[in-house]
Amino acid sequence: MMNKYQLKIGAKLKSIAFPAVILMCSAVATPAMAADWSFPWQAGKSATISRGTGSHNDGWNTQSNAVDFAISPGTPVLAPVDSTIVKVCQARGADNHNAILFSSPDGNYTLMHLKAFGLYTGQFFKKGQQIGVVAADTPNDPKCAISTGPHLHINFPSRNLVVDGYQVATMTRGTYTSRNGTVSDDLTHVNFSGVTAPAGVNVRSGTSTSASIVGRLGGTVRVNFDGWKYGDSVADTWTGKPDRRWYRIAGTNNWIASAVVNGNAPGSQP
């Protein structure tokens, strides 16, 4: 039998140990996010919520942490965080209209209603890197994507996630400004030349297949370039593999997809 001194010591130990257990439980209940997230459009640009956080069914399945943003077709869509494609589909009867499931340090998330080319499972995107552009068409493919008007659908991995300072759970309405990188920030300045594909190539105003065609060059023409950066993926004329590099014609701000040029920018990878 314990004496009164042992009972007092036991009581003190319990009063010290028990709060410690509570503190440990509290720490486990609110895990920290592992990555720095931004909205998937260019820094300084704003977009208004057309459908707030909740359960949306835009194709694949009902997603409970989804937010829709009204964004004009052709607007560049950037990776909101370092991401790898887990699954991608293109809606039937649409113009390269994609729904994409990504993995991230904080779990899987979805971007839907993007026009993009050459996407594939395992493809990695650095935060701020362009994935595609907002699609203009409105497919009705329950197995991939359903849209009644141009917008960007994002299903986040958690409602506790913080994006550019805003918690997903609070995104019920309003206009949000992105702090993500800009498409033009990643230009690498380097002088080189290449030869156009035999069938000839389109010259565009930007690094997107949706950018305006400002000219056309014939086949097997040597062209001088003064820089390159990543943009929309295009299937390489010779290998058939996706290539996201775009080359800037020297002395201009006009672009040709690497996929239709025989020649590699020094130090670049598709």
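By convention here, the first residue in the shown sequence is residue 1. The structure displayed is predicted, hence computed values, not measured ones.
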Leu217-Val261 co-clustered via ILVMFWY side chain contacts under 4.5 Å: yes

Can you tell me if Ser38 and Arg179 form a side-chain donor-acceptor pair at under 3.5 Å? no

Hey, what do you get for OG1 (Thr196) to CZ (Arg216), rounding to the nearest 0.5 Å? 9.0 Å

Side-chain heavy atoms of Val163 within contact of Val168, under 4.5 Å: yes

Identify whether Ile100 and Ile154 are in the same connected component of the hydrophobic contact network (ILVMFWY, side-chain heavy atoms under 4.5 Å). yes

Measure the CD1-OG distance between Ile213 and Ser205 for me, rounded to the nearest 0.5 Å. 9.5 Å

Establish, from distance only, whether the side-chain atoms of Asn140 and Arg92 form a donor-acceptor pair under 3.5 Å. no

Verify whether one side chain among Asp232 and Thr209 offers a donor that lies under 3.5 Å from an acceptor in the other. yes

Can you pull the ring-ring contact (aromatic ring centres under 6.0 Å, His included) pairs that have at least one residue in residues 82-107, sequence neighbours excluded? His97-His113, Phe102-Tyr109

Could you note down all residue pairs passing ring-ring contact (aromatic ring centres under 6.0 Å, His included) where residues 233-268 supplies at least one of them, sequence neighbours left out? Phe192-Tyr247, Phe225-Tyr247

Disulfide bond (SG atoms under 2.5 Å apart) contacts in which one or both residues fall within residues 217-260, not counting sequence neighbours: none

Can Val134 be reached from Leu119 by stepping across I, L, V, M, F, W or Y side chains whose heavy atoms are under 4.5 Å apart? yes

Decide if atom CZ of Arg173 counts as having more than 12 heavy atoms of other residues, nucleotides or ligands within a radius under 6.0 Å. no

Are Thr177 and Ser46 close enough that a side-chain donor and a side-chain acceptor fall under 3.5 Å? yes

Please check if Met171 and Ile71 belong to a single hydrophobic cluster, counting links between Ile, Leu, Val, Met, Phe, Trp and Tyr side chain heavy atoms closer than 4.5 Å. yes

I'd like to know whether NZ of Lys127 has more than 12 heavy-atom contacts from other residues, nucleotides or ligands below 6.0 angstrom. yes

Between Tyr230 and Trp228, does the ring centroid distance fall short of 6.0 Å? yes

Salt bridge check: are Asp236 and Lys241 linked by an N-O gap of less than 4.0 Å? no

Do we see a donor-acceptor contact under 3.5 Å between the side chains of Ser103 and Asn108? no

For residues Ile256 and Val221: do they belong to one hydrophobic cluster (side chain heavy atoms under 4.5 Å, members Ile, Leu, Val, Met, Phe, Trp, Tyr)? yes

Give the ring-plane orientation class for Trp41 versus Phe39, where under 30° counts as parallel, over 60° as perpendicular and anything between as tilted. parallel

Above 12 or not: heavy atoms from other molecules or residues under 6.0 Å from OH of Tyr166? no

I'd like to know if Arg245 pairs up with Asp243 as an ion pair, taking the criterion as any Lys NZ or Arg NE/NH1/NH2 lying under 4.0 Å from an Asp or Glu carboxylate oxygen. yes

